[in-house]
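Each chain gets a letter, A, B and so on, in the order the sequences are listed, and its residues count up from 1. All of these numbers come straight from a predicted model, not from anything done at the bench.
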Number of protein chains: 2
Amino acid sequence: MNNRTDTLLKLDLQVCFALYSTNLAMAKVYRKLLRELDLTYPQYLVMMVMWEEGADDNAPLSVSRIGERLFLDSATLTPLLKRLESAGLIARRRAADDERRVEVRLTGQGRALRERAEAIPEAAACASQCEPEELAALKAQLDDLRQKLS
Amino acid sequence: MNNRTDTLLKLDLQVCFALYSTNLAMAKVYRKLLRELDLTYPQYLVMMVMWEEGADDNAPLSVSRIGERLFLDSATLTPLLKRLESAGLIARRRAADDERRVEVRLTGQGRALRERAEAIPEAAACASQCEPEELAALKAQLDDLRQKLS
DNA sequence: CGATATTAAATAGCGCGCTATTTAATGGCA
DNA sequence: TGCCATTAAATAGCGCGCTATTTAATATCG
């Protein structure tokens, strides 16, 4: 094994661990911020998709559509969506035209939560103490890596 | 809210999600690679620390020392270490000089696993399809962000 | 010495995220 | 039409990772 390969291997390990532990650190920050909205980070992501796609009565989202956006499947989403439903933020109902699908809609309460949630990104950006350029570069590299990994 | 701030906020969200989803993608790759060692990724990290610190009979590690290295606490590590113990890879024992501490040591089997584990980083690097320079840059940015977050 | 504070690890309980499987509905094709 | 494959979501069960709490041992200080 030459030096270049050796360096690569060690480095790779460090990158994986850096990804793992930075993600945990980020989750910790968001947990604190999202506490006052009574949301977990994955629940917040689902709500972001709902808000972004305007999932009202006229344009409900299926479970798999949400899963496409977040790279998650029904085994993860079904229980999470049930929790959001019992919190009164969304409504779940089998589609009339295809009863295999479950349509997910925002409730009035779910739509209303958006305003309070708009304070979150600013607080998170503040916690990161990073310049926009740095965040942009990091995002680009992460997206590239994710794409290559899958 | 001006354009710069607006961009920052959106970007920040994207970075958090990129971190979250890339971490999941990475975990997926490692799950497949570690399957043949019967280890999960967090278990693999613990074993890496054990190997790296040469945690044999003369230099056992405490639970909190492992936690320092991995940014994890006893609530996460205790059950994980119990699983590694029942897999025969490590031994756990209360320290004689301070019975609050638990000393963790590699077993012969645990030491032996290292050889097979050495194939993992190369396979992971291959799966990432990234150049060393790219991985190095990514690691540096992740480490910087983690440090700023905590 | 004895009461109290501190420390290390363990425990209880919750919410992901996963694999593998199941249930139920729809589509396709002879 | 009837059979079979496919699809969407749900379920079961496991291993983190967390907060909050508990247990037990050690340290500190009057």
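Spacing between atom NZ of Lys28(A) and atom P of dG17(D) amounts to 11 Å, rounded to whole angstrom units. Nucleotide dT7(D) holds its P atom 16 Å from the CG atom of Asp73(A), rounded to whole Å. Put simply, CD1 on Ile66(A) is 13 Å from P on dC16(C), counting in whole angstrom units. Residue Met47(B) contributes atom CE, which lies 18 Å from atom C1' of dC16(D) at whole-angstrom precision. Rounded to whole Å, atom C1' of dC16(C) lies 12 Å from atom CG of Leu45(A). Going from atom CE of Met26(A) over to atom C1' of dG17(D) covers 17 Å, rounded to whole Å. For the pair Leu24(A) CG and dT19(D) P, the interatomic distance rounds to 11 Å; values are reported in whole Å. Whole-Å rounding puts the Arg31(A) CZ to dC18(D) C1' distance at 5 Å.
For Arg83(B) and dC16(D), the shortest distance from a side-chain N or O to OP1 or OP2 is below 4.0 Å. Contact annotation: Thr78(B) side-chain N/O to dA9(C) OP1/OP2 distance is not under 4.0 Å. In this model, the phosphate group of dT11(C) is approached by a side-chain N or O of Lys82(B) to a distance below 4.0 Å at OP1 or OP2. Proximity of Ser64(A) to the phosphate of dA9(D): a side-chain N or O atom is located under 4.0 Å from OP1 or OP2. At the phosphate of dG17(C), OP1 or OP2 sits under 4.0 Å from a side-chain N or O atom of Tyr20(B).
When heavy atoms are screened at a 4.0 angstrom cut-off, Leu77(B) is found touching no nucleic acid atom at all. As judged by a 4.0 angstrom heavy-atom cut-off over every strand, Arg35(A) is placed among residues touching the sugar-phosphate backbone only. At a threshold of 4.0 angstrom between heavy atoms, the contacts of Thr40(A) are confined to the sugar-phosphate backbone, with no base atom among them. Contact annotation for Arg92(B): backbone-only contact, meaning every heavy-atom pair under 4.0 Å involves sugar-phosphate atoms and none involves a base. Contacts of Leu80(B) with the nucleic acid, taken as non-hydrogen atoms under 4.0 Å apart, involve only primed sugar atoms and P, OP1 or OP2.
The aromatic rings of Phe71(A) and Phe17(B) lie parallel to each other, with less than 30° between the two planes, well short of the 60° mark.
At most 12 heavy atoms of other shown residues, nucleotides or ligands fall within 6.0 angstrom of atom NZ in Lys32(B).
Minimum heavy-atom separation, Met26(A) to Leu145(B): CE-CD2, 4.1 Å.
Asn23(A) has its side chain out of reach of Leu142(B): every pair of non-hydrogen atoms, C-beta onward, lies at least 4.5 Å apart. Looking at heavy atoms from C-beta onward, Arg69(A) lies out of side-chain contact with Leu45(A) at the 4.5 angstrom threshold.
Look at Glu68(B) and Arg65(B) and you find a salt bridge, because one of the NZ, NE, NH1 or NH2 atoms lies within 4.0 Å of a carboxylate O, short of that distance.
Residue Ser74(A) places a side-chain atom within donor-acceptor reach of the base of dA10(D), judged by atom type and a 3.5 Å distance cut-off alone.
The residue among Glu103(A) and Gln43(B) whose nearest nucleotide of DNA chain D is located toward the 5' end is Glu103(A). Of the two residues contacting DNA chain C, namely Arg100(A) and Pro42(A), the nearest-nucleotide position lying further toward the 5' end is that of Pro42(A). Of the two residues contacting DNA chain D, namely Pro79(A) and Ala75(B), the nearest-nucleotide position lying further toward the 5' end is that of Pro79(A). Remark on DNA chain C: of its neighbouring residues Glu99(A) and Tyr41(A), the 5'-side contact belongs to Tyr41(A), judged by nearest-heavy-atom nucleotide.
In this structure, the nucleotide among dC18(C), dA9(C), dC18(D) sitting nearest to the side chain of Val102(B) is dA9(C).
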